[in-house]
Number of protein chains: 2
Amino acid sequence: MNLKELSDHLGLSPTTVSRALNGYPEVSERTRKRVEEAAKQHNYSPNARAKRLATGRAMSIGHLLPMSKEHEMVNPVFADFITGAGKRYAEEGYDLLLSVVRDEDEEETYRDLATRGAVDGVVIHGPKVNDPRIALLTELGLPFVVHGRSSEVNAGYNWVDVNNRRAFERATALLLDLGHRRIALLNGLADMDFAARRFAGFREALAARDLAPEADLISHAEMTETYGYQRMQELLALPAPPTAVIVSSIIPALGVRRALVDAGLKLAEDISVVIHDDDLSYFRNDGDVPTYTATRSSVREAGRITAEMLLSAITRGAGAPQNILLEAELMVGQSTGPAPAVRRLLNEG
Amino acid sequence: MNLKELSDHLGLSPTTVSRALNGYPEVSERTRKRVEEAAKQHNYSPNARAKRLATGRAMSIGHLLPMSKEHEMVNPVFADFITGAGKRYAEEGYDLLLSVVRDEDEEETYRDLATRGAVDGVVIHGPKVNDPRIALLTELGLPFVVHGRSSEVNAGYNWVDVNNRRAFERATALLLDLGHRRIALLNGLADMDFAARRFAGFREALAARDLAPEADLISHAEMTETYGYQRMQELLALPAPPTAVIVSSIIPALGVRRALVDAGLKLAEDISVVIHDDDLSYFRNDGDVPTYTATRSSVREAGRITAEMLLSAITRGAGAPQNILLEAELMVGQSTGPAPAVRRLLNEG
DNA sequence: GTTCCCACCCAAAGCGCTTTGGATGCGTCA
DNA sequence: TGACGCATCCAAAGCGCTTTGGGTGGGAAC
């Protein structure tokens, strides 16, 4: 059943029926009721394709998932982000359009999305340092919000980010306070902006105590479980292994733990681990005392906020760029303890 | 730039330009070239909204993610499924529409998707035993493919599934061959069809040796890491703990391992573990010898196949329901060994 | 030289909705 | 009583594309 048929059935014009259903004031309450009931009864809802053409709005938000040949994978963090964002979209009547594209097609896909008018706005995931997508989307005039930020981009743009620098500065400072001096960092891919900021925070905390990061303790890679496992093994094989490790996600941290167990080492006692915890629903860092000491920030919440910001940018027009910086909380768990030297000292005392 | 402007610019009618761009034969190769070049030069691509209205096809596939109040989460397995399916959609010019909906709104969302004409087909995720969505979508006349199957639904429908029953039968048989008699099963949510089939396979393998499953060794829940951890602790606290455990996903298996380590137990030696491995990109069960003994089947591949089937159902019309049953391979890894009694025997021997 | 056919192109009618720009009729007020 | 305003409704014009149903002209067939 379409508008025409419904209006014929009601003895009204399509105009009136459309207005009644869309809440316009030029229609009496009595007719509106009548129309609404008939619509419900005949299970009518306006054809989305026609509505979109007539209104000129796509009523959908785009999310691009770039796949590279080497890393053909979607981060589980994305799944949680989507649960947060997707709910907001649904509430506002927007659809979520997911595009799985090859790395090299990403720019063209954005262009296409814009010229085809398939979406009203997009969310940029995993921004890199000096990310070209920001200039591209600005040029295209397509509303967007970045989940994260991009250093070295000076123009204003909407973003929602976690204070990664501070989170990692605090995490590092905590380990330093516990007496650790050789601290390893298992970071995300080096060109990722969040990884750069986390590294910066790490470096600053060390610098505050006149220490410098040691190259053989720093690594960057896709944050898989395997990465955590292999990298931890490498670290343990060093002439002077670290006494503490900071891991950028709970997923590689699971691999780190596996490597430690294989080596017969005990978490907190033999080696301390601090993670960044995105509060993933399938990997809760909880219990009476959380398993891991962690900087925590819910990515689901970030998704909700990002969606909110994008929808407002779309409906209320561009305006000044909006920015939200979320603070991560630093939670002490079961994975940290004093450095070996300090521990001995404490035991003697 | 739209069709009209482009055709004016070329001195052609919109008809001809449209035909040229869509590869219809009623246009000379010379003009087609000319049109294609002009389109590229002016960065023209047809407005998706108009195209969809005119053709009556949405050119998009729907995926619903139901969120319950209790389990507001998206399974990481879904992320991998999407990478497989999404690539196929993109290749065929389809968009992927993701709907995050509350459990109780699921039926209405399907109805709405159908009457609004927002999608050309949908994929059903996580089918339950006797899943009502199959009848619903059949009634709505919306093409669909089920990822998994639904027992007790007799009508034909398209599905792509893994042979869960056989996989778990084989896994169980392997453990029995190793001398294990008290085997625990950490399964998915009880109303899930895959969980029912896995349990059936488990039961059959036991029955083949005149054994029966023991209630206190069987559990069903959402497959989180925490579930694996807590459940394993419970199992270890039993008067007679199991000597082997079968886990329905690598994610709870990580929790199982954590619990074992906490208890000072060694994998394979003290307790054997077999998992089902979806070959998730962020959790690879690999290495020279895989970490876990596992029944393996790539969910990314399943995504690709499901997409393929749905697209063909959409373009080639309904026809007879298609079914594909994938076999999981049983791979021996480092997590299994002879049962304690057998081990002693072997050592004495 | 006709006739016919085919290759090539175009005008116009949708697709199903929203929205502009009136109409119509009734109550109100001077 | 007549003018005016307001509430309520409608006809028709898009939105930007595809597609139906012709047209036109030039070469082949007779």
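Every chain is numbered from 1 and lettered A, B, ... according to where its sequence line falls, protein lines coming before strand lines.
- What separates CG of A:N22 from P of D:dC9 is a distance of 16 Å, to the nearest Å.
- The side chain of A:S28 lies closest to D:dT8 when the candidates are D:dT8, C:dC10, C:dC17.
- Between C:dC17 and A:S18, no contact under 4.0 Å exists linking OP1 or OP2 to a side-chain N or O.
- Counting atom types as modelled, A:T15 pairs no side-chain N or O with a base atom of C:dT18 as donor and acceptor under 3.5 Å.
- To the nearest angstrom, P of D:dC15 lies 9 Å from CG of B:N2.
- Under a 4.0 Å N-O distance rule, the pair A:E301/A:R304 qualifies as a salt bridge.
- For B:H9 and B:Y44, the ring centers are positioned 6.0 Å apart or more.
- Side-chain contact annotation: A:D193 with A:S150, donor-acceptor N/O pair under 3.5 Å absent.
- Following rounding to the nearest Å, B:R52 (CZ) and D:dG16 (P) show an atom-to-atom distance of 16 Å.
- Place A:K51 and B:L53 on DNA chain C by their nearest nucleotides, and B:L53 ends up nearer the 5' end.
- Of the candidates D:dC17, D:dC10, C:dC10, the closest approach to any side-chain atom of B:A50 belongs to D:dC17.
- Using a 4.0 Å heavy-atom criterion, one finds that A:R19 contacts the bases of the nucleic acid, with or without backbone contacts as well.
- A:G11 comes within contact range of the sugar-phosphate backbone alone, with a heavy-atom separation under 4.0 Å but no base atom that close.
- Taking only side-chain atoms of B:Y24, from C-beta outward, the nucleotide of D:dT19, C:dC17, D:dT18 with the closest atom is D:dT19.
- One interatomic measurement links the two molecules: CG of B:D8 to C1' of C:dC10, which rounds to 13 Å at whole-angstrom precision.
- Put simply, CG on B:L12 is 8 Å from C1' on C:dC9, counting in whole angstrom units.
- Here the side chain of A:N47 is nearest to one of C:dC10, C:dG16, D:dC17, namely C:dG16.
- Computed from coordinates, the A:Y44 OH to C:dG16 P distance equals 10 Å when rounded to whole Å.
- Between B:E26 and B:R49, the residue anchored nearer the 5' end of DNA chain D, judged by the nucleotide with its closest heavy atom, is B:R49.
- Between A:T55 and D:dC15 there is no side-chain polar atom (N or O) within less than 4.0 angstrom of OP1 or OP2.
- Using a 4.0 Å cut-off between charged side-chain N and carboxylate O, B:R102 and A:E91 make no salt bridge.
- Counting only heavy atoms from C-beta on, B:A54 has its side chain closest to D:dG16 among D:dC10, D:dG16, C:dC17.
- Using a 4.0 Å cut-off between charged nitrogen and carboxylate oxygen, A:E29 and A:R32 count as a salt-bridge pair.
- Atom-to-atom, CZ of B:R57 to P of C:dG16 comes out at 15 Å; the value is rounded to the nearest Å.
- In summary, B:D120 and B:R57 do not engage in a salt bridge, as defined by a charged side-chain N under 4.0 Å from a carboxylate O.
- Atom CG of A:L21 is separated from atom P of C:dT18 by 8 Å (rounded to the nearest Å).
- Contact annotation: B:S13 does not reach the phosphate of C:dC9 (side-chain N/O to OP1 or OP2, under 4.0 Å).
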